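Please read all numbers here as calculations on a predicted model, not as lab measurements.
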Amino acid sequence: MSMINTRDIMETIDMITSENLDVRTVTMGISLLDCIDSDPKIACEKIYQKITTKASNLVPVVEKISADYGIPIVNKRISVTPIAMLLGACPSADPVEFAKTLDRAAKKVGVNFIGGYGALVHKGFSAGDKRLIESIPEALACTDIVCSSVNIGSTKSGINMDAVRMMGQIVRKTAERTADNMCLGAAKLVVFCNAPEDNPFMAGAFHGVGEPDCEIHVGVSGPGAVRAALAKLPKDAPVDEVAELVKRTAFKITRLGQLVASLASEQLGVPAGIIDLSLAPTPAVGDSVANILEEMGLESCGCCGTTACLALLNDAVKKGGVMASNHVGGLSGAFIPVSEDDGMIKAASCGSLTIEKLEAMTAVCSVGIDMVVIPGDATAEVISGLIADEAAIGMVNSKTTAVRVIPAIGHKAGDILDFGGLLGYAPIMPISQYAPDVFIHRGGRLPAPMQALKN
């Protein structure tokens, strides 16, 4: 007997037409390990050739699937091997040339973003890592669609505090370098603990070394569909009914993603990777994770009870989504990017949502302090302190956490920064300016927690 009946199909069509349901991204992961060369010019040429060959049909195939099946597919993206791994072979190379090559290749095949200009330094720096990290501000300023991520900690290895100190400075410099363009560079840079190697979402996507040569990942969305389903529940329905409804809705949303992944894999002749179950919001009204939490019974996202509602949502999305997919990976949960979520923007503007509350929420959801705009006078050490706090939550809870903050150079708390498009706009949120400088400048390695010893 089929798992999908006519009523389910009609409900899914309704989600697409009236509730902002979409497949957020089809991301092709491409390994660049066979492009390593001691001559940087040859390495860049190999990278350009490999990306433009492997991804030559990505956009037309995905657009045809979207048209044939009536499924909105918002983004087409590419993730590649962390570029620092290629830099180790050519000590004299200018890393920015690699970023420009990625930008050129991604534009040639017509994708929205390319991720992987990054480094994995959770246990220390290998050849090429520091050079890449130091080049990030310039690389993100002189390219348009390149995204960068750096993994500075993990549950198994602890936290590289030297990298934490560096990344506070890099986030600030990246914002300064793009100050004339809404500090946009910092919106394309994310600092991870426990970074997943198969994440289809930007800015954190990269192609891990354990992945195959080329594969297709799909990231689903659908906060609007979940909120609309909850709106039909009586206000006195118990929370286990709320959870059950979210689970069933997540199943239908994810089934759509699995269909797209299977079709894209078959038509591109590339193995299917994972489905990322994350509920990814947009600035569109009604397409908000914050609104789901409010539909559960909160006056405004950020009030007491928000973390509990988010924990319920995250768990139910995973339980429903796992049943609907062959392989689940990436981040898989609920995203809380402030500037990309209409409800989060309103909650931050009225003061019910603070950075401290967001940090608490990240203990139970799938990312971290994401697309949060902070005052331009926040020091590099304050940013490093925020990165260290988030990394500690991820490390101790064996989960992915991340920081993507935008220091609004020349602006203060209460002002608004508008990025446009999917990146949205956000009020500048106040952050504690008390200095963690002595702690941040200690450096060294914060030891892994006891649960690292699971072998």
> Please walk me through it: do K318 and D315 pass salt bridge (Lys or Arg N to Asp or Glu O under 4.0 Å)?
Replying inline: CA-CA 5 Å; K318 287 179 178 165; D315 181 62; over 6 Å; no

Just by modelled atom types, is the [Y] backbone N or O under 3.5 Å from a matching donor or acceptor in the [X] side chain?
X: N151; Y: A195; value: yes
X: D22; Y: I73; value: no
X: S149; Y: G118; value: no
X: T27; Y: P200; value: yes
X: R227; Y: E294; value: no
X: R404; Y: P337; value: no
X: T401; Y: V367; value: no
X: D418; Y: Y425; value: no
X: N181; Y: L184; value: no
X: H217; Y: I274; value: yes

>> What verdict does the side-chain hydrogen bond (donor to acceptor under 3.5 Å, both in side chains) test give for K357 and T307, after you've listed the backbone C-alpha separation in whole Å, the side-chain angles of each residue and the deciding distance to 0.1 Å?
In response: CA-CA 8 Å; K357 185 62 179 181; T307 309; 3.3 Å; yes

> Would you call K130 and E134 a salt bridge, taking side-chain N to carboxylate O under 4.0 Å as the test?
Replying inline: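 Salt bridge absent between K130 and E134.
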
Hey, does [Y] have a side-chain heavy atom less than 4.5 Å from the side chain of [X]?
X: E359; Y: I393; answer: yes
X: F125; Y: I133; answer: yes
X: H122; Y: K156; answer: no
X: L102; Y: I83; answer: yes
X: V164; Y: I387; answer: yes
X: S154; Y: N194; answer: yes
X: M323; Y: K247; answer: no
X: V146; Y: F98; answer: no

Closest approach of [X] and [Y], non-hydrogen atoms and distance?
X: L279; Y: P223; result: CD2-N, 4.1 Å
X: G330; Y: D198; result: N-OD1, 2.9 Å
X: V23; Y: G257; result: CG2-CA, 4.4 Å
X: G185; Y: T174; result: C-CG2, 3.4 Å
X: M344; Y: A290; result: N-CB, 3.5 Å
X: P82; Y: F206; result: CG-CD1, 3.7 Å

> Yes or no on side-chain contact (heavy atoms from CB on, under 4.5 Å) for L58 and I216, after CA distance, side-chain angles and deciding distance?
Replying inline: CA-CA 10 Å; L58 175 63; I216 286 289; 4.0 Å; yes

>> On the six-membered ring of Y48, is R104 placed so that its NZ or CZ lies under 6.0 angstrom from the centre and within 45° of the ring axis?
In response: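 Pair R104/Y48 counts as cation-pi.
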
> Does the pair I51 and I114 meet the rule for a side-chain contact (heavy atoms from CB on, under 4.5 Å), with working shown?
Replying inline: CA-CA 10 Å; I51 292 170; I114 184 163; 3.8 Å; yes

Approximate separation, where rounding is to 0.5 Å, of [X] [atom1] and [Y] [atom2]:
X: S432; Y: I355; atom1: OG; atom2: CD1; value: 9.5 Å
X: I30; Y: L32; atom1: CD1; atom2: CG; value: 7.0 Å
X: L140; Y: R177; atom1: CG; atom2: CZ; value: 10.5 Å
X: M296; Y: K235; atom1: CE; atom2: NZ; value: 11.0 Å
X: S157; Y: R445; atom1: OG; atom2: CZ; value: 6.0 Å
X: C183; Y: I406; atom1: SG; atom2: CD1; value: 8.5 Å

[X] atom [atom1], neighbour heavy-atom count above 12 within 6.0 Å:
X: Q433; atom1: CD; value: yes
X: H441; atom1: NE2; value: yes
X: K108; atom1: NZ; value: no

> Step by step, would you call I145 with D103 a side-chain contact (heavy atoms from CB on, under 4.5 Å)?
Replying inline: CA-CA 6 Å; I145 55 177; D103 203 47; 3.2 Å; yes

>> Consider side chain to side chain contact (heavy atoms under 4.5 Å, CB included). Of I152, D370, V403, which one does E390 pass it with?
In response: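 Only one of I152, D370, V403 forms a side chain to side chain contact (heavy atoms under 4.5 Å, CB included) with E390, namely V403.
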
> Does the salt bridge (Lys or Arg N to Asp or Glu O under 4.0 Å) test come out yes or no for K123 and D129, once each step is laid out?
Replying inline: CA-CA 12 Å; K123 218 165 179 179; D129 288 337; over 6 Å; no

>> For L120 and M85: C-alpha separation, side-chain torsions, deciding distance, then whether side-chain contact (heavy atoms from CB on, under 4.5 Å) applies.
In response: CA-CA 9 Å; L120 308 176; M85 292 182 175; 3.8 Å; yes

